[in-house]
S.K.: 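Would you mind keeping the following structure in view while I ask a few things?
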Amino acid sequence: MGNSNWKQRMSYALGAFGHDTYYVALSTYFIIFVTSSMFDGVKNASRLIGLVTSLVVGIRLIEIFFDPIIGSIIDNTRTKYGKFKPWLVIGGLVSAVMIVIMFTNFGGLAEHNEMLFIIVFTVAFIILDSFYSFKDIAYWSMIPALSNDSAERGKLGTVARIGSSLGANGTTMIVVPLTTFFTYLVTGNQKQGASGWFWFAVIVGVVSGGTALITAWGTKESESIIRQKSPKVKTSDVFKAITKNDQLMWLALSYIAYAIAYVVTTAVLYLYYKFILGQPQDFWLVGLIATITGLTAVPLFPVLVKKITRRFVYIGSIGIQIAGYVLFMFGGHSAIIVTIATILFYLPYQLVFLSALMTITDAVEYGQLKNGVRNEAVTLSIRPLLDKIAGALSNGLVGLIAVVAGMSGSATAKDITTKGITTFNLFAFVVPGILMLLAALIFASKVKLTEKMHADIVTKLKIKLESEK
């Protein structure tokens, strides 16, 4: 049993590594590629950048509302491999191929036939985002299927976040040297270029698709009385299952405010290093700090939850990040203060994420007891949905800042005006800080689903279902 648990945890952690490598590449660096290299040498590049950015944001926001339906499709899947693995594999492989295609200029199509480029780009991005959504929801929905025990779920979530931290922050560390290296190999120019971004996407696709296969191979759904096969979920009942789960809704409201704030800040930090500090070569330090703080914080999660409960872990962690924002605002160009602010910003992130993830996971049984229907993938689809909303909005913000503040194309730090810097500070630190404070207040006042409450719910469910046999 011990070896089986170890295999399952490691397989799940590797899946998270590849999954977050992909997420960061798509939510942060794809728009950087669009603003810097996709339309290099093309007339009306600024207009095309704005158009593509708007398309990406629009497509992602529209498709997000289909996530609960995707969750219901997964919940209704019946195969000998379970309901999650088929979508994990199919979604992982298709999205891996599509991200490589997206990190190209589509054969220079925009320069020769702009309308055809728009059509092809839109179709390609819809395919990418749809299959990525199936993989994303299938992956994170597996936790309540792998165990009914909150402690084991916490361990699965912990190892997954270690994998996520290594994947996401490792990508941040290597993106500049990797894209520069491959650009130099192909063109002889020692800078970030289109060829470097393409090979970056190839590596991301291989890692993401490969680790999805490992997770499918190394995990196994548990079967218990509260996970016995239930009737298929009607599409018309999907949104009822979500909206009737009040604890899920309050947690969602809190977490979306937090996620928008966090992703917006992380998405524009590269612009800060490149255009304000004028030191893009030092951006890898942000990835290093995020990796070290993540690997430090994640193992602490089970310990902190046991001592102070995840309620205070969530609220306290946000308080630390707000302190980091204050230092960012008044740190100026002091390397020491900026470093401290970066540590305070990244250190609590994994703790907030895990607290939210475990609360959403426990909301599966809360909803089952309250509404009489168990919705694993539908319930867990909320978390990826919220992160994708945040990612879509950050895509739009990065593109907006890049164009309005002159941070696009061949611009350098010398070209940035005082107005551009002021705009950056407002969207990178002030607005996100306010959103995080709102997230903490909502969680503190409205989210009541504690670990003890969940344990009582599981007990009641077992008694109820045993009596109905």
S.K.: Just how far is it from atom CG of L327 to atom CD1 of I340, taken to the nearest 0.5 Å?
M.R.: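 Going from CG on L327 over to CD1 on I340, the span is 7.0 Å.
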
S.K.: After noting the C-alpha distance and the side-chain angles of Y346 and T266, does the key distance pass the side-chain contact (heavy atoms from CB on, under 4.5 Å) rule?
M.R.: CA-CA 9 Å; Y346 277 103; T266 56; 3.5 Å; yes

S.K.: Closest heavy-atom contact between R310 and V305?
M.R.: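 Looking at all heavy atoms of both residues, the closest pair is CB-CG2, 3.9 Å.
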
S.K.: Please identify each residue that fulfils side chain to side chain contact (heavy atoms under 4.5 Å, CB included) with A160, with sequence neighbours left out.
M.R.: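 Expected list: Y12, A16, Y139, W140.
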
S.K.: Given side chains that start at C-beta, do those of F17 and S164 come closer than 4.5 Å, heavy atoms only?
M.R.: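 A side-chain contact under 4.5 Å is absent here.
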
S.K.: Short question: side chain of N44, backbone of R47 - any donor-acceptor pair under 3.5 Å?
M.R.: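 Pair absent, no side-chain N/O of N44 close to backbone of R47.
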
S.K.: For residues T171 and Y29, determine if any side-chain heavy atom of one lies less than 4.5 Å from a side-chain heavy atom of the other.
M.R.: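 A side-chain contact exists here, since the closest heavy-atom pair is under 4.5 Å.
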
S.K.: Y132 vs H19, test: ring pair (Phe, Tyr, Trp, His ring centres under 6.0 Å). Steps then yes/no.
M.R.: CA-CA 9 Å; Y132 170 72; H19 194 65; 5.4 Å; yes

S.K.: Quick check against the 3.5 Å criterion: does T35 have a side-chain atom that pairs as donor or acceptor with the backbone of I32?
M.R.: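 The answer is yes, because a donor-acceptor pair under 3.5 Å joins these two groups.
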
S.K.: Indicate the atoms forming the closest heavy-atom contact of S130 with I70, along with that distance.
M.R.: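 It is O-CD1, 4.5 Å.
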
S.K.: Would you say the side chain of F283 lies within less than 4.5 Å of the side chain of L269, judging by non-hydrogen atoms?
M.R.: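 They are in side-chain contact.
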
S.K.: Could you tell me whether the side chain of R311 and the main chain of A444 form a donor-acceptor pair under 3.5 Å?
M.R.: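 A pair under 3.5 Å: yes.
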
S.K.: Is a side-chain N or O of S72 found less than 3.5 angstrom from the main chain of I69, in a donor-acceptor match?
M.R.: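 Flag set: sc S72 to bb I69 pair under 3.5 Å.
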
S.K.: What distance separates R153 CZ from D362 CG, expressed to the nearest 0.5 Å?
M.R.: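 Taking CZ in R153 and CG in D362, the distance rounds to 5.5 Å.
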
S.K.: Rounded to the nearest 0.5 Å, how far apart are CD1 of I162 and CG of L295?
M.R.: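 Answer rounded to 0.5 Å: 6.5 Å.
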
S.K.: Ignoring hydrogens and angles, state whether a donor on the side chain of S165 or Y349 is under 3.5 Å from an acceptor on the partner side chain.
M.R.: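 Per modelled atom types, S165 and Y349 side chains form no pair under 3.5 Å.
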
S.K.: One pair to check against side-chain contact (heavy atoms from CB on, under 4.5 Å): L435 and Y258. What are the steps and the verdict?
M.R.: CA-CA 6 Å; L435 285 173; Y258 174 84; over 6 Å; no

S.K.: Decide yes or no for M142 and L88: does some side-chain heavy atom of the first lie under 4.5 Å from some side-chain heavy atom of the second?
M.R.: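 In contact.
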
S.K.: Can you tell me how far apart CD1 (I119) and CG (N113) are? Round to the nearest 0.5 Å.
M.R.: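 Rounded to the nearest 0.5 Å, the CD1-CG separation comes to 8.0 Å.
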
S.K.: Under the side chain to side chain donor-acceptor pair (under 3.5 Å) test, which residues partner S254, sequence neighbours left out?
M.R.: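 Once residues adjacent in sequence are excluded, the partners of S254 under the side chain to side chain donor-acceptor pair (under 3.5 Å) criterion are Y314.
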
S.K.: Quick check on F312: does its CZ atom have over 12 non-hydrogen neighbours (other residues, nucleotides or ligands) under 6.0 Å away?
M.R.: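 No.
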
S.K.: Quick one: closest heavy-atom pair of G193 and S37, and the distance?
M.R.: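 Shortest heavy-atom separation between G193 and S37 comes out as C-OG, 3.9 Å.
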
S.K.: Can you confirm if the NZ or CZ of R161 lies within 45° of the ring axis of F301 and under 6.0 Å from the centre of its six-membered ring?
M.R.: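 Ring-cation test returns no.
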
S.K.: So F125 and L55, side-chain contact (heavy atoms from CB on, under 4.5 Å) or not? Walk me through it.
M.R.: CA-CA 9 Å; F125 197 84; L55 282 172; over 6 Å; no

S.K.: Using a 4.5 Å cut-off on heavy atoms from C-beta on, say whether the side chain of W217 contacts that of K7.
M.R.: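 K7 vs W217: side chains touch.
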
S.K.: Keeping N169 on the side-chain end and A290 on the backbone end, is there a donor-acceptor pair under 3.5 Å?
M.R.: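 Yes; judged by distance alone, with no hydrogens or angles, the pair exists.
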
S.K.: Looking only at the side chains, is there a donor atom on one of Q8 and T219 sitting less than 3.5 Å from an acceptor on the other?
M.R.: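 Judged by distance alone, the side chains do not pair up.
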
S.K.: Working to the nearest 0.5 Å, report the span between CD of Q190 and OG1 of T180.
M.R.: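 Answer rounded to 0.5 Å: 7.5 Å.
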
S.K.: Donor-acceptor pair, S141 side chain versus A138 backbone, under 3.5 Å?
M.R.: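 No: the side chain of S141 does not pair with the backbone of A138.
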
S.K.: Name the one of I322, I320, I315 that satisfies side-chain contact (heavy atoms from CB on, under 4.5 Å) with I318?
M.R.: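 Among the candidates, only I322 passes.
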
S.K.: Go through the side-chain N and O atoms of Q321 and Y262 and say whether any donor and acceptor fall under 3.5 Å apart.
M.R.: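 No - no donor-acceptor pair under 3.5 Å links their side chains.
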
S.K.: Please tell me whether S208 and K135 have a donor and an acceptor in their side chains that are separated by less than 3.5 angstrom.
M.R.: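 The answer is yes; a qualifying pair exists.
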
S.K.: Search all heavy atoms of T122 against all heavy atoms of I118 and return the closest pair with its distance.
M.R.: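 Shortest heavy-atom contact: OG1-O, 2.7 Å.
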
S.K.: With a 3.5 Å distance limit and no angle check, can you tell me whether T265 reaches the backbone of A428 through a side-chain donor-acceptor pair?
M.R.: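 Confirmed, T265 side chain pairs with A428 backbone.
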
S.K.: Quick one: does W284's side chain get under 4.5 Å of I174's, heavy atoms only?
M.R.: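 Result no, sub-4.5 Å side-chain heavy-atom pair not found.
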
S.K.: With respect to F33, which candidate in F200, F198, F103, W199 satisfies the ring-ring contact (aromatic ring centres under 6.0 Å, His included) definition?
M.R.: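 The option that passes is F103.
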
S.K.: Quick one: closest heavy-atom pair of T211 and G18, and the distance?
M.R.: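 Smallest heavy-atom distance, with atoms named: OG1-CA, 3.2 Å.
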
S.K.: Atom CG in D75, atom NZ in K83: separation rounded to 0.5 Å?
M.R.: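 The NZ atom of K83 is 4.0 Å from CG of D75, to the nearest 0.5 Å.
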
S.K.: Between L357 and I143, does the side-chain contact (heavy atoms from CB on, under 4.5 Å) criterion hold? Intermediate values first, please.
M.R.: CA-CA 10 Å; L357 178 62; I143 292 181; 3.8 Å; yes

S.K.: State, to 0.1 Å, how close T296 and I292 come at their nearest heavy-atom pair, and which atoms those are.
M.R.: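 Minimum heavy-atom contact is OG1-O, 2.7 Å.
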
S.K.: Using side-chain heavy atoms (C-beta onward) and a distance below 4.5 Å, is N105 in contact with F39?
M.R.: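 No, their side chains stay 4.5 Å or more apart.
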
S.K.: Tell me, yes or no, whether the heavy-atom count around F131 atom CZ, taken from other residues, nucleotides or ligands under 6.0 Å, exceeds 12.
M.R.: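 Not buried by this count: 12 neighbours or fewer within 6.0 Å.
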
S.K.: Do D129 and M98 come close enough that some side-chain heavy atom pair is under 4.5 Å?
M.R.: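 Side chain of D129 against side chain of M98, heavy atoms only: no contact under 4.5 Å found.
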
S.K.: Are the side chain of T104 and the backbone N or O of V100 linked by a donor-acceptor pair below 3.5 Å?
M.R.: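 Not at all, since once roles are kept as given, no pair shorter than 3.5 Å links the two residues.
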
S.K.: If only atom types and distance count, is the side chain of T179 paired as donor or acceptor with the main-chain N or O of V176 below 3.5 Å?
M.R.: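 Indeed, once roles are kept as given, a pair shorter than 3.5 Å links the two residues.
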
S.K.: If only atom types and distance count, is the side chain of S11 paired as donor or acceptor with the main-chain N or O of T215 below 3.5 Å?
M.R.: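 Pair absent, no side-chain N/O of S11 close to backbone of T215.
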
